[in-house]
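Shown next, in structure tokens, is the structure this report addresses.
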Amino acid sequence: VKINVTEEDIKNGIPSDCRACAISQALRRQFNTEETYTMISDETGDVSIEIDDRKFQVNHMHESDVVDFIFDFDNYANDYFNNLNPEKLKPITFEIEELKNENRS
């Protein structure tokens, strides 16, 4: 599934809020739901996405771009040295794929 994070998502997103960040805003629109969760795993550094209790992973080709976007988005308000702000953050497009639960029968 292709996800397009728009300027509007960036403007309306809340930094460091896994349920309301710019990527979660885009996921809500794409999947027409309120139940979204986006974070970077402290253990693996991978992006973790949940939508309506379904788990997704970012396509490996886009993983580093998405990690960089999340870092910049979450830190723009606190990063006075680099003068990051929402207007300087660019929209991003990436693909996600659902993780299949191997324990299902």
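Here, residue 1 is the first one in the sequence, and each next residue gets the next number. Note: hydrogens, waters and symmetry copies are ignored here, and every other heavy atom, side chains too, is used.
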Do [X] and [Y] have side chains that approach each other closer than 4.5 Å (heavy atoms only, starting at C-beta)?
| X | Y | answer |
| --- | --- | --- |
| F94 | D65 | no |
| E98 | K55 | no |
| S16 | D74 | yes |
| F56 | I51 | yes |

Could I get the full list of side chain to side chain contact (heavy atoms under 4.5 Å, CB included) partners for D68, not counting sequence neighbours?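 D68 satisfies side chain to side chain contact (heavy atoms under 4.5 Å, CB included) with no residue once adjacent residues are dropped.
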Side chain to side chain contact (heavy atoms under 4.5 Å, CB included) against E63, all qualifying residues, sequence neighbours excluded: D46, V47, V58, V67
Over all heavy atoms of both residues, which pair between [X] and [Y] is shortest? Give the atoms and the distance, please.
| X | Y | result |
| --- | --- | --- |
| R54 | F31 | NH2-CE2, 4.4 Å |
| K2 | Q30 | O-OE1, 3.6 Å |
| F73 | I10 | CE1-O, 3.5 Å |
| T36 | T33 | CG2-CG2, 4.0 Å |

side-chain hydrogen bond (donor to acceptor under 3.5 Å, both in side chains) against S48, all qualifying residues, sequence neighbours excluded: none
Are I70 and V1 linked, directly or through intermediate hydrophobic residues, by side-chain heavy-atom contacts shorter than 4.5 Å (ILVMFWY only)? yes
Passing candidate, side-chain contact (heavy atoms from CB on, under 4.5 Å) with I3, options I49, T93, N59, L27: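 Testing I3 for a side-chain contact (heavy atoms from CB on, under 4.5 Å) against I49, T93, N59, L27 leaves exactly one candidate, L27.
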Donor-acceptor check, side chain of R29 to backbone of N4, threshold 3.5 angstrom: yes or no? yes
Gap separating the CD1 atom of I92 from the CG atom of D72, nearest 0.5 angstrom: 9.5 Å
Measuring from K90:NZ to E7:CD, what's the distance to the nearest 0.5 Å?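 Rounded to the nearest 0.5 Å, the NZ-CD separation comes out at 7.5 Å.
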Going by chain and number, the hydrophobic cluster around Y37 (ILVMFWY, side chain to side chain under 4.5 Å) further includes M39
Could you list the residues that satisfy salt bridge (Lys or Arg N to Asp or Glu O under 4.0 Å) with E34, not counting sequence neighbours?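 For E34, the residues satisfying salt bridge (Lys or Arg N to Asp or Glu O under 4.0 Å) (neighbours in sequence not counted) are R28.
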Identify every side-chain donor-acceptor pair in residues 17-25 under 3.5 Å, counting partners at least two apart or on other chains, and give the distances.
| from | atom 1 | to | atom 2 | distance (Å) |
| --- | --- | --- | --- | --- |
| D17 | OD1 | R19 | N | 3.0 |
| D17 | OD1 | A20 | N | 3.3 |
| S24 | OG | C18 | O | 2.8 |
| S24 | OG | T38 | OG1 | 3.0 |
| Q25 | NE2 | A20 | O | 3.1 |

